[in-house]
Amino acid sequence: MTIKQELERLSYKRKNVYEELTENQKQEMQSLCDEYRTFLDEGKTERECVIKAVAMAKERGFEDVASKKELKTGDKVYKINRNKNILLAVIGSDDIKNGINLVGAHIDSPRLDLKPNPLYESNDMAFLKTHYYGGIKKYQWTAIPLAIHGVIFTNEGKQITLNIGEKESDPVFCITDLLPHLAKDQMSKKMTEGIEGEKLNVLIAGMPIDADDIKEKVKFSVLKLLNERYGITERDFLTAEIEIVPAFKARNVGLDESFVGAYGQDDRVCAYTTLKAVFDVENPKRTAVAILVDKEEIGSAGNTGMLSAFFGMTVAEMIEKMTGKCSVVDYNTVIENSACMSSDVSAAVDPNYEGVFEKNNSTFAGYGMALMKYTGSRGKSSSSDANSEFVYKICKIMDDNNVIWQTGELGKIDQGGGGTIAQYVANLNMDVIDCGVPVLSMHSPFEVTAKSDIYMAYKSYVAFYNNR
Ligand code: MN
Ligand code: MN
């Protein structure tokens, strides 16, 4: 053995995935990412992602678990929770008591929600007031085309689905920003204060209605338009759920089209690859389960977030339909023998901002699936910190199945950090590891991922599901 070979044997070095892929794999990667971009365009809210997931699942023979009295090996089922959270499962041949293989990702993304009473007029223009959702850099949301998505109920109880700004023929909306010529004061503020939350008001109209004895003529004209088109009144906003999201579509990025650029890749990149993997798993030994949750960006709370009892209740329902009963002990046995890949994006090292990363322990775009023992911030706070036995086991599965993976932390220790759903899965007493696709410009309206990492994420979930 030469010194060089020995050095290679003894050292760890991460690999660029593109250098390892065959031509066939590159083609498979491209078609996966083509379909992924469509998924992003059609799923810009958690509700739309659930609709899309159900449609894809039904095409592949999945059925609503409520329609099944019993579950047997090979059955494919799903359960929807309040239209914003979904669990899918392929029943394995092993005794369920030996545990399930779970992949969890979230389908909510940072955005601007409309306030309950959003519509107002100022200077002959009408605006919608918003309250941002999740961690955004507010300045990134001004002066870009925006679309309106959501649900609103008429006084009669009819549900109206809004989707304005996505079709070429649709108008779009925007939040105006101050011209540089008059921004002397604004530009000398701290970036956190340059744009205030209360100034994230969406321009929605500017044509006054033709009437003399009315004060707010533009607002009135908006109300008339909304009523004519959707049958809604101003009061109906009070109970609505309406999200303002970037209006542009997912694109290939780079001359070589090596990246995907789009809104909402945190964490739909993991959600999409998880879906594809649970669809492709064939005759698994352990029951393969995917859960796509809501509310991760605001702490996983709420009845559609990972902290909801939905997951446990659905697993209990499946155990009963598989074995005829589900005692508390049965349920506990299943959970403690189960394994989870908590699948959420990591921060890719950005060459423009290398200073916030510790490069020996960071994840890089194009270097494969990121497997992380822990996330969290400042002393591992809010992380589940997987045990070495489990981390080894998962990494071994990846190696045995030619999945190229890397590891890292979210950034320098004292720079910040972030949590995921992993801690809540761990609280159930299940083995769980953080993993996901590295992202550039995370939480911005246009997040960037490397296609090779998307492909490796997909391959990693397939390998995990097919493992006993
Ligand atoms: Mn996330
Ligand atoms: Mn996030």
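Just so you know, residue 1 is the first one in the sequence shown, and it goes up from there. Just so you know, these numbers use all the heavy atoms, side chains as well, and skip hydrogens, waters and symmetry mates. Just so you know, ligand 1 is whichever comes first in the structure, and atom 1 is the first atom listed for that ligand.
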TODO: Mind reading off the angle at the Mn ion (ligand 2) between the OE1 atom of Glu297 and the NE2 atom of His443, rounded to 10°?
DONE: 80°
Task: N, O or S from His106 under 2.8 Å to the Mn ion (ligand 1) - done: yes
Open item on the list: Exactly one of Arg268, Lys44, His443, Glu297 should register a side-chain contact (heavy atoms from CB on, under 4.5 Å) with Ser109. Which one does?
Closed with: Arg268
- [ ] Would you please indicate if the ring centroids of Tyr78 and Phe62 are separated by under 6.0 Å?
- [x] no
Task: For the Mn ion (ligand 2): the N/O/S atom of Asp266 at shortest distance - done: OD2
Open item on the list: Classify the ring geometry of Phe248 against Phe446: parallel below 30°, tilted from 30° to 60°, perpendicular beyond 60°.
Closed with: perpendicular
Task: Cation-pi, Tyr458 ring and Lys276 (6.0 angstrom, 45 degrees) - done: no
Open item on the list: For the Mn ion (ligand 1), give me the closest N/O/S atom belonging to Asp344, just the atom name.
Closed with: OD1
